[in-house]
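Keep in mind it's a predicted model, so treat the numbers as computed, not measured.
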Amino acid sequence: GNIVMHKQTCRLNAMVGEVFISAENKAKAADVSLENNIPIDKTVEADPMRLEQILVNLIDNGVKFNSKGGSVRVSCEESEDSISVIVNDTGEGIAPEHLPRLFERFYRTDKARSREIGGTGLGLAICKHLARLHGGEMTVTSVAGQGSTFRLDLPKH
């Protein structure tokens, strides 16, 4: 369907902090630490509900596919024309052959494990769609056995 975007100034540090609060129990149970490395004053123009939806999905995946004692770190980088929100985990990583299809709807890298962990296979596809509705992009880099880095690039307005 059609998604109507309601962009406004969003405080990234506070938004990541709120998502961390909701992920805290799952992270503790998995022995995964959460690190908010966003400067306190950093803002971005975005639809707050949709941006939160992206962050919840990326952080939840970072916890879910991590290893005991691992971490999920959220940081940002700024260039002349964009702000990038970076979600990095120290989990199992993603094999190179899966990366090109990772944002496809219903795509699963490990169908057997996905059944045990849960989910629909739609989360990353939705994240990419929402990033594009913001005029931005979602990308991933990963090394199997070392973790993954998801990057949400949002334009400055």
If you compare all heavy atoms of [X] against all heavy atoms of [Y], which two are closest, and at what distance to 0.1 Å?
| X | Y | value |
| --- | --- | --- |
| T90 | S71 | OG1-N, 2.8 Å |
| V4 | D47 | O-OD2, 3.7 Å |
| P48 | M15 | O-CE, 3.7 Å |
| P39 | C76 | CD-SG, 3.7 Å |
| K68 | A29 | NZ-O, 4.0 Å |

Interatomic spacing from [atom1] in [X] to [atom2] in [Y] - rounded to 0.5 Å:
| X | Y | atom1 | atom2 | result |
| --- | --- | --- | --- | --- |
| L58 | N88 | CG | CG | 11.5 Å |
| K64 | E92 | NZ | CD | 11.5 Å |
| F150 | L55 | CZ | CG | 13.0 Å |

In the single-linkage hydrophobic clustering (I, L, V, M, F, W, Y; side-chain heavy atoms under 4.5 Å), do I83 and M5 co-cluster?
->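 In one cluster: yes.
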With sequence neighbours left out, write down each residue that passes side-chain contact (heavy atoms from CB on, under 4.5 Å) with L130, or none if nothing qualifies.
->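 Result, side-chain contact (heavy atoms from CB on, under 4.5 Å) vs L130: I3, R50, Q53, I54, I126, L133.
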Who are the side-chain contact (heavy atoms from CB on, under 4.5 Å) partners of N36, not counting sequence neighbours?
->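 N36 satisfies side-chain contact (heavy atoms from CB on, under 4.5 Å) with N13, V16, F20, I38 only.
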Mind checking whether [X] and [Y] have side chains closer than 4.5 Å, heavy atoms only?
| X | Y | value |
| --- | --- | --- |
| K156 | V44 | no |
| K128 | L124 | no |
| I86 | T149 | yes |
| V63 | L34 | yes |

All side-chain hydrogen bond (donor to acceptor under 3.5 Å, both in side chains) counterparts of [X], not counting sequence neighbours:
| X | value |
| --- | --- |
| E35 | none |
| S82 | S79 |
| K28 | none |
| D153 | S84, R151 |

Return yes if some donor-acceptor pair links the side-chain N/O of S142 with the main-chain N/O of G147 below 3.5 Å, else return no.
->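 Checked: pair present.
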Hey, is CZ on R73 packed in by over 12 heavy atoms from elsewhere, all under 6.0 Å?
->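 More than 12 heavy atoms, drawn from other residues, nucleotides or ligands, come within 6.0 Å of this atom.
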Lys/Arg-Asp/Glu bridge criterion (N-O < 4.0 Å) met for E78, K42 |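 Looking at E78 and K42, the cut-off is met.
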Trace of the side chain to side chain contact (heavy atoms under 4.5 Å, CB included) decision for N61 with D89 = CA-CA 9 Å; N61 282 352; D89 69 64; over 6 Å; no
Step by step, would you call L51 with L152 a side chain to side chain contact (heavy atoms under 4.5 Å, CB included)?
-> CA-CA 10 Å; L51 180 56; L152 168 64; 3.7 Å; yes
Going by atom types alone, do T9 and E45 pair a side-chain donor with an acceptor below 3.5 Å?
->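 Yes.
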Check the pair V85, V74 against side chain to side chain contact (heavy atoms under 4.5 Å, CB included), reporting the backbone distance first and the verdict last.
-> CA-CA 7 Å; V85 181; V74 183; 4.0 Å; yes
